[in-house]
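Notes follow the structure.
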Protein chains: 4
Amino acid sequence: MFEATVKLVNEIGFAASSVSKIAGEAGISPATLYIYYKNKEDLLVSTYVEIKRNIAGAVHEGFDETLPIRDILRRVWFRMFDYISRHPDYFQYTEQFAHSPYQALVDKGEIEAFFEPVIRVLRRGIEQKIIKNVDFHILTAFIFHPILAISNARVCLDFELTEKNIETAFAMAWDAVRL
Amino acid sequence: MFEATVKLVNEIGFAASSVSKIAGEAGISPATLYIYYKNKEDLLVSTYVEIKRNIAGAVHEGFDETLPIRDILRRVWFRMFDYISRHPDYFQYTEQFAHSPYQALVDKGEIEAFFEPVIRVLRRGIEQKIIKNVDFHILTAFIFHPILAISNARVCLDFELTEKNIETAFAMAWDAVRL
Amino acid sequence: MFEATVKLVNEIGFAASSVSKIAGEAGISPATLYIYYKNKEDLLVSTYVEIKRNIAGAVHEGFDETLPIRDILRRVWFRMFDYISRHPDYFQYTEQFAHSPYQALVDKGEIEAFFEPVIRVLRRGIEQKIIKNVDFHILTAFIFHPILAISNARVCLDFELTEKNIETAFAMAWDAVRL
Amino acid sequence: MFEATVKLVNEIGFAASSVSKIAGEAGISPATLYIYYKNKEDLLVSTYVEIKRNIAGAVHEGFDETLPIRDILRRVWFRMFDYISRHPDYFQYTEQFAHSPYQALVDKGEIEAFFEPVIRVLRRGIEQKIIKNVDFHILTAFIFHPILAISNARVCLDFELTEKNIETAFAMAWDAVRL
DNA sequence: GATGAATGAGTGTTCATTCAT
DNA sequence: CATGAATGAACACTCATTCAT
């Protein structure tokens, strides 16, 4: 059901992905779907949270708090791009979801918890005066959001994403946030 | 109809905004709506393009190409935040639209043309070795996208957006793109 | 308006031919159409009656009551095929109309009056014991209806209608009705 | 659903028979109808094909290829009138359908296959020089189409159809096609 | 567990028609 | 005469959801 949901949303869009179609894609009856999920909302939100957990796992792989902060962030940045290139469908799902009305139904705290390690690193960076002491929303707007913007360009438009491009982009992100 | 569309999309979301509901909000019959717009798609896309034109007009107000590039971008940056704070609903509409399947139906060239002056400035900045010579998608990911991320935080969450915050954020954006 | 109605009905069918589309085809406003016709029904029925009058005029061209009855009917038969091959659209309109619910709204007497001369000939043929003395519905079922069936085959299917075919068919019709 | 479709089409005509009305007549929800039929077209075409199969079954009842050709055709002819008098509504449905735009969507081959036995008899009649050697479209225009014309007169107008009338009409049809 | 059958409420869209201008 | 603007009612069709089996 998870896979069917993601696949369909990526093929025909969020709004057009009806319960019956998702059930059809999954090879089950719509009625069966309601055994596992309370309703459509539950299905979509659960799928979103699952992917986010998935992403968090991926970006923290080989996470080593003892490295210099710049290296940690750089690794997270690269892991993120790597994940998106391996799972463009999962990524696109989250992008669509995050801008839909369903977004309001997600427990933001739960999502943030997944990313706790890297957030803690940012906080340490501020304390150690390595990273600019600005509001967290502004910080993430410069080191996480550009990833999404760039990846979206790659998924939707004709933009080619090379290793060098990613390196350059990270350098810019680092320039933005470092003291 | 324009106002009704924006209002409803902001209140109940993109997917739930049916033609009848929009017509109801506008105080007209659904049939009447179809005199002015070819279909739902046309209504939504037209509304989007209209807002984008609107935004482009706002950010270019008092545009002065003779100023230093940093000052030009700073002005655009502030004008953008100003516009969003005056028209959070218009902004939110574009954010929702840009991540919906309708997004694919927009003539990207037309939209880009609206922002031609500022884009030309960026290009000049690269030529004059004031701005990093990187792909345009990457550049915009650092000087325009963070505005959206930050504004979204303001609209959706509890984030307060002060003059000083904006100034700080711009400094970061500039750090990211300047040579 | 007459031409537009016929043309559209032949292109998109009877049911799909809306008043607005007919007006559009005629290059006028739907409102204007209502100046000349009471309503849609009036438009369609009038068009039908007009064509029927047209057909009656055509089949009676060069009508000569003094000829032998077989020759008269043969001439009518050929004139009918000639008309249909010159105006397949008019013919098709009548066929569609005659099997639609609108058919009930036509003054059958008025239509029959158009064909009075040839009907009178049939009646004379019965009196002179040249034609079988059977109910008129049966008679027309054999000398007029086959024309429609054959013409329909030509219009809808791949059937080629040669001079010789028509001659043969008339011989069969005559065999059916003559004493 | 089958019965409801036929009944409604006969009562209010083909064009006015909407899916909701048919569903209403059948005592079910429009949505339910779509479980059994792909769409309106499917419903109408299926109903037509079903009736045609039905008719073919009826006219071939007691079909005996060893009888003289005239007797075979006479039996088919009478069986056809019998069917129509027992199911005037089914017959009327096919007449309306055959002149509607939906007609184009039917697999003509499938329908013809239902009537294969009697068609084979006609072919044999031609080979044995009992029936005129003319195009099949012309042949059927004289032995099958008049049935429809006569029956239509009975259904729509005031024409009374007696056993003697039918016998006379068949004699005429036979006169038309026999050598 | 799983599902076939069902549906009320809704979708986007077109209809025939009116009427002030 | 002609029409632009308007609409209530209907259209074909899909929705998320339920429930007896």
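Model, not experiment: these values are computed from the prediction. What you see below is based on every heavy atom in this structure, not just the backbone, and it leaves out hydrogens, waters and symmetry mates. To find a chain, count down the sequence lines: A is the first, B the second, and so on, and within it residues start at 1.
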*Testing D:Y37, D:F2, D:Y48 for side-chain contact (heavy atoms from CB on, under 4.5 Å) with D:L43, which one passes?*
D:Y37
_Nearest-0.5 Å distance that lies between atom NE2 in B:H87 and atom CZ in B:F91_ = 13.5 Å
*Quick one: on DNA chain F, does B:Y36 or A:A31 contact a more 5' nucleotide (nearest heavy atom)?*
B:Y36
_Short side-chain N/O contact from A:S20 to OP1 or OP2 of F:dT14, under 4.0 Å_ = no
*In whole angstroms, how far is the P atom of F:dC13 from the CG atom of D:L44?*
10 Å
*Can you tell me the distance, in whole Å, between the NZ atom of C:K40 and the P atom of E:dT17?*
8 Å
*asked:* Using heavy-atom distances to pick each residue's nearest nucleotide on DNA chain E, tell me which of D:I28 and C:E41 is more 5'.
replied: D:I28
*Mind checking the CD1-OH spacing from A:I84 to A:Y90? Nearest 0.5 Å is all I need.*
14.0 Å
*Take the protein atom CG of A:N39 and the nucleotide atom P of F:dT17, then report the distance between them rounded to whole Å.*
5 Å
*Nearest-angstrom distance from the residue atom NZ of D:K38 to P of F:dA12*: 16 Å
*asked:* Between C:K21 and E:dT14, is there a contact of a side-chain N or O with OP1 or OP2 at under 4.0 Å?
replied: no
_Rounded distance [0.5 Å steps], CD in D:E50 versus OG1 in D:T94_ = 13.0 Å
*For E:dC15, does OP1 or OP2 lie under 4.0 Å from any side-chain N or O of C:S18?*
yes
_E:dT7, OP1 or OP2 - any side-chain N/O from D:T32 closer than 4.0 Å?_
yes
*Nearest-Å distance, CD1 (A:I22) to P (F:dC15)?*
10 Å
*Nearest-Å distance for atom pair CE/C1', residues A:M1 and F:dA16*: 15 Å
*Figure out the CD1/P separation between B:I35 and F:dA6, and round it to whole Å.*
6 Å
*asked:* For the CG atom of A:D42 and the OH atom of A:Y34, what is their distance to the nearest 0.5 Å?
replied: 10.0 Å
_Please name the nucleotide paired to F:dT21 by Watson-Crick or G-U wobble geometry with both distances under 3.5 Å, or report none._
E:dA2
*Report the residue (A:Y34 or C:S29) whose heavy-atom-nearest nucleotide on DNA chain F is the more 5′ of the two.*
C:S29
*How close or far is atom P of F:dT17 from atom OH of A:Y37, stated in whole angstroms?*
14 Å
